[in-house]
Amino acid sequence: MIAMQAASDAKIEPLYSSGDIQRRIDELARDIAASSLKEPLIVAILKGSFIFAADLIRALHREGLAPEIDFLYLASYGEGIVSQGAVKILHDIASPIEGRDVVIVDDILDSGRTLAFAKALLTKRGAARVFSCVLIAKQVPRAVPVEADFYGFRCPPVYVVGYGTDLANHYRELPFIGKLVKP
Ligand code: IMP
Ligand code: MG
């Protein structure tokens, strides 16, 4: 496996190439298009999902959908590599969602706290149906029982970066997703 040296001393081992990701997104878009969503509103969870969401909505367009997009900036209390604690809203969506079919888009499903929080929030606000789509569903025990309706890859319990996902705001620019290997 090719390994590359990035900004810090950490080593990134590629897990999913740019081509792997694009092929999987095309399949996801076909699956989402097949679920007869009515004028879906994509709610992309910032920051991690911004690149995934950008590619996904264009793949949805190729499938004949005309999704709207809004952004929900969420953060877990506490920083670092292990997700912990409560979720807070740093920036809310602007779109009315009452009666809408909503698709929450996130980069990674890990403990489940973020997705569970977003689903509960949008359901409470009166969305008709709330779907969820994550690029990576980590195979770890969830702290909150939630799964995504659509997911790109099931990934082992490793820390990943790239393609929008980060470590302390670094590595988002990588075109692939890699496993962070401590030096
Ligand atoms: P959860 O709330 O524990 O499910 O975590 C979801 C959020 O934690 C994701 O939206 C990511 O931003 C972040 N996260 C979890 N695992 C990773 C990882 O391996 N790399 C980068 N970010 C991660
Ligand atoms: Mg995130």
Side-chain angles (χ1 to χ4, degrees), residues 1 3-18 20-21 24-25 28 42-57 69-93 102-124 130-183:
M1 188 179 276
M4 66 165 279
Q5 204 72 27
S8 73
D9 279 346
K11 218 169 62 178
I12 315 292
E13 285 179 2
L15 269 181
Y16 309 112
S17 72
S18 167
D20 295 338
I21 296 169
R24 191 68 189 105
I25 288 177
L28 280 175
I42 303 292
V43 174
I45 309 297
L46 294 175
K47 298 181 201 172
S49 76
F50 74 113
I51 293 179
F52 174 43
D55 284 341
L56 182 65
I57 62 167
I69 187 158
D70 207 332
F71 299 94
L72 179 61
Y73 188 177
L74 297 181
S76 302
Y77 286 105
E79 286 214 346
I81 217 160
V82 179
S83 134
Q84 48 182 304
V87 178
K88 62 179 172 179
I89 301 175
L90 296 188
H91 191 94
D92 210 338
I93 55 169
V102 173
V103 184
I104 297 166
V105 171
D106 204 1
D107 54 351
I108 298 170
L109 173 61
D110 186 15
S111 74
R113 289 191 188 96
T114 305
L115 183 57
F117 178 92
K119 279 180 86 165
L121 180 76
L122 301 178
T123 302
K124 191 178 73 187
V130 179
F131 294 86
S132 56
C133 176
V134 300
L135 183 59
I136 289 178
K138 269 201 207 175
Q139 292 185 291
V140 293
R142 309 269 180 252
V144 181
V146 64
E147 289 304 324
D149 299 297
F150 307 95
Y151 67 88
F153 303 101
R154 273 197 195 288
C155 137
V158 295
Y159 198 85
V160 299
V161 294
Y163 193 71
T165 72
D166 73 308
L167 174 66
N169 248 338
H170 290 285
Y171 308 116
R172 296 192 197 275
E173 71 283 6
L174 300 178
F176 60 91
I177 289 178
K179 169 183 161 185
L180 189 78
V181 183
K182 286 200 184 134

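Numbers for residues simply follow the sequence, beginning at 1. Remember, it's 1-based here, ligands and their atoms both numbered in the order they're listed.
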Enquirer: Not counting sequence neighbours, which residues clear side chain to side chain donor-acceptor pair (under 3.5 Å) with Tyr16? List them please.
Expert: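 Tyr16 satisfies side chain to side chain donor-acceptor pair (under 3.5 Å) with no residue once adjacent residues are dropped.
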
Enquirer: Who gets closest to atom 15 (C) of ligand 1 by heavy atom: Asp107, Leu74, Asp110?
Expert: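 Among Asp107, Leu74, Asp110, the closest heavy atom to atom 15 (C) of ligand 1 belongs to Asp110.
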
Enquirer: Treating Arg24 as the side-chain partner and Tyr151 as the backbone partner, does any N or O pair qualify as donor plus acceptor under 3.5 Å?
Expert: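 Side chain of Arg24 to backbone of Tyr151, a donor-acceptor pair under 3.5 Å: yes, one is there.
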
Enquirer: Should you measure from each heavy atom of Arg113, which atoms of ligand 1 turn up under 4.0 Å away?
Expert: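 Those atoms are 2 (O), 4 (O).
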
Enquirer: Let me confirm one number: the CZ-CG distance from Phe117 to Leu72, rounded to the nearest 0.5 Å.
Expert: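 Those atoms lie 7.5 Å apart.
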
Enquirer: Would you mind finding which of Lys47, Arg172, Lys138, Lys179 brings a heavy atom closest to atom 19 (O) of ligand 1?
Expert: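 Among Lys47, Arg172, Lys138, Lys179, the closest heavy atom to atom 19 (O) of ligand 1 belongs to Lys138.
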
Enquirer: Counting heavy atoms only, which of Ile108, Ile45, Asp166 is nearest atom 6 (C) of ligand 1?
Expert: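 Nearest option to atom 6 (C) of ligand 1, by heavy atoms: Ile108.
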
Enquirer: Could you tell me whether the side chain of Lys119 reaches within less than 4.5 Å of the side chain of Val146, counting heavy atoms only?
Expert: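 Contact flag for Val146/Lys119 side chains = yes.
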
Enquirer: Check whether Asp149 reaches the backbone of Ser132 with its side chain - one donor and one acceptor, N or O, closer than 3.5 Å.
Expert: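 At least one qualifying donor-acceptor pair exists.
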
Enquirer: Return a yes/no value for Leu115: is any of its N or O atoms, backbone included, closer than 3.5 angstrom to an N or O of ligand 1?
Expert: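 No; the residue has no nitrogen or oxygen that sits under 3.5 Å from a nitrogen or oxygen of the ligand.
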
Enquirer: Using heavy atoms and a 4.0 Å limit, tell me yes or no: is Ser111 in contact with ligand 1?
Expert: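 Right, Ser111 reaches ligand 1.
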
Enquirer: With a 4.5 Å cut-off on side-chain heavy atoms, are Phe52 and Asp107 touching?
Expert: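 Result no, sub-4.5 Å side-chain heavy-atom pair not found.
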
Enquirer: Test your reading of the structure: does Gly112 have an N or O sitting under 3.5 Å from an N or O of ligand 1?
Expert: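 Yes.
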
Enquirer: Just which atoms of ligand 1 are under 4.0 Å from any heavy atom in Asp106?
Expert: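 Counting atoms of ligand 1 from 1, those under 4.0 Å from Asp106 are 10 (O).
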
